[in-house]
Amino acid sequence: MRAPDARSSARRRASFAAVLPLVLALSVGPAGAECLRGANVAGAEFGDLPGVHAKTYIYPSRETLAYLRAKGMNAVRLPFRWERLQPRLNAPLADSELALIDETVATATGMGLTVILDPHNYARYRGTHIGEGAVPTSAFADFWGRLAARYKGREDVVFLLMNEPSNISARDWLPSVNAAIAAIREAGADNLVMVPGTIWTGASHWFDDQPGGSNAEVLKDVVDPVDRYIFDVHQYMDDDFSGTKTACSRVDDAMTAIERLTGWLEETGTAAFLGEFGGHARPDCYEGLVRMVGYLNDRPDVWAGWAIWAAGDWWGEYPLSVQPEDGLDRPQMVAISRLIARRTPAEKTCPALARP
């Protein structure tokens, strides 16, 4: 998501005390083989670099994580900035930032939430695309090798290689994907990996022509020695699919894109996760959210789950926020609430995650 400047967001927190007993009851470990249904917990990607924690950017509070768990969610997507975690390429990870991520992971997984680690950089480091000049593919692989070594062997920690690669072709992105996966596996990590496409990894752009081939053509050549990867896909419902416009005027088109991508997943024997989607507080968006989540829930054979955009302690009046306000659920959360829990035996299995 191309989020608004966080400095303009109000810094307000709702009261969560009432949900804590329920969270304690739900905190029975990681989600296991169930499909992942959750939310993005934005904040650590906010602000200019380098930033100051708790002043210009923030990791999610225990209360925010507890609220999402109490709603029945079993996963959170955790955006953060690569540059803060690794201020110099090919150098050790920064202890101070790593401690913040460690704390968030420990808190979330202790509640039974799977954490999807998300370097929210659009395939860039300090403005330069991965694979160009000062940011070689090897530096991206180095970053992932170091981070993977930290969290290797954990079913409750998932590695999303990058948020929304943009202004880079799929053909130029693929070498970085394969290098990062190789580094993760060489570090001894068999964790699930999520691979994004280019053009903001939109389902609506998956088949678009690009120099060297579309995402659909190029990403058939992803290489993973242990075959534990799925695709990270995003899809909004406004007029340009960006998630920045008020009306969800293209719900039908968004659903057509997801359905077409589903056919591609079946054809290629792969799976995907809808890492971002959302909408404003208005009926057309509620309808779209319900349609989209319902469709994904009905296809656990190829869709490993979803994460709505977005919760987070500093969103304030941000229109796509699902952070509770004054202790009350946002309308978008109300719209999807009955679709979060995994109640039936069929819902408690997820073939899309049960891969080698």
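Sequence positions, counted from 1, serve as the residue numbers for this chain.
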task: Evaluate side chain to side chain donor-acceptor pair (under 3.5 Å) for N121 paired with E83, printing each intermediate quantity in order.
output: CA-CA 9 Å; N121 278 73; E83 298 91 343; 2.8 Å; yes

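- Residues N90 and F143 form no side-chain contact, since every pair of their non-hydrogen atoms from C-beta on lies 4.5 Å or further apart.
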- Query: After noting the C-alpha distance and the side-chain angles of D313 and S61, does the key distance pass the side chain to side chain donor-acceptor pair (under 3.5 Å) rule?
  - Reply: CA-CA 7 Å; D313 296 78; S61 66; 2.7 Å; yes

Review point. Are L320 and Y236 close enough, and set up right, to give a side chain to side chain contact (heavy atoms under 4.5 Å, CB included), and what steps lead you there?
Key: CA-CA 11 Å; L320 273 67; Y236 291 92; 3.9 Å; yes

Assess whether side chain to side chain contact (heavy atoms under 4.5 Å, CB included) is satisfied between Q332 and S321, documenting all intermediate values. CA-CA 8 Å; Q332 297 94 322; S321 174; over 6 Å; no

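- Here the closest non-hydrogen pair linking V41 and T64 is CG1-CG2, 4.2 Å.
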What do the steps show when you test N297 against R342 for side chain to side chain donor-acceptor pair (under 3.5 Å), and what is the final call?
-> CA-CA 9 Å; N297 286 357; R342 298 149 305 283; over 6 Å; no

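- Across all their heavy atoms, R84 and P50 have their closest contact at NE-O, 2.7 Å.
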request  = Show your working on side chain to side chain contact (heavy atoms under 4.5 Å, CB included) between F140 and V135 and close with a plain yes or no.
outcome  = CA-CA 8 Å; F140 185 53; V135 188; 6.0 Å; no

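- Between F231 and W264, a ring centre-to-centre spacing shorter than 6.0 Å is recorded.
- A cation-pi arrangement, defined by a distance under 6.0 Å to the six-membered ring centre and an angle within 45 degrees of its axis, is absent between R81 and Y57.
- D240 has a carboxylate O that lies under 4.0 Å from a charged side-chain N of K245, or vice versa, which qualifies the two as a salt bridge.
- Under 4.0 Å is where a charged nitrogen must lie from a carboxylate oxygen, and between D239 and R250 no such pair does.
- Taking all atoms of both residues into account, the shortest heavy-atom contact from E34 to C350 is C-CB, 3.8 Å.
- The heavy-atom pair separating V223 from N178 by the smallest distance is N-OD1, 2.8 Å.
- The closest donor-acceptor contact from the side chain of R37 to the backbone of L339 lies under 3.5 Å.
- Aromatic ring orientation, W306 versus F277: perpendicular (interplanar angle above 60°, classes split at 30° and 60°).
- By the 30° and 60° cut-offs, the orientation of the rings of W144 relative to F159 is tilted.
- Remark: side-chain polar atoms of R330 are paired, donor with acceptor, to backbone N or O of Q323 under 3.5 angstrom.
- Judged purely by atom type and a 3.5 angstrom limit, D118 has no side-chain atom pairing as donor or acceptor with the backbone of L160.
- Look at E276 and R77 and you find a salt bridge, because one of the NZ, NE, NH1 or NH2 atoms lies within 4.0 Å of a carboxylate O, short of that distance.
- In this structure, the side chain of N74 engages the main chain of C35 through a donor-acceptor pair within 3.5 Å.
- Looking only at distances, no side-chain donor or acceptor of E97 sits under 3.5 Å from a matching main-chain atom of P87.
- Under the 30°/60° scheme for interplanar angles, the aromatic rings of W82 and Y125 are found to stand perpendicular.
- Salt bridge E266/R299: present, at least one basic N to carboxylate O contact under 4.0 Å.
- There is a side-chain donor-acceptor pair under 3.5 Å between Y318 and W309.
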Practice task
Verify side chain to side chain contact (heavy atoms under 4.5 Å, CB included) between V322 and W315, making sure each step is shown before the conclusion.
Solution key: CA-CA 9 Å; V322 296; W315 276 130; over 6 Å; no

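- Looking at D224 and R185, a side-chain N of the basic residue comes within less than 4.0 Å of a carboxylate O on the acidic one, giving a salt bridge.
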Practice problem: Please step through ring pair (Phe, Tyr, Trp, His ring centres under 6.0 Å) for the pair H120 and Y122, ending with a clear verdict. | Solution: CA-CA 6 Å; H120 214 77; Y122 308 94; 5.6 Å; yes

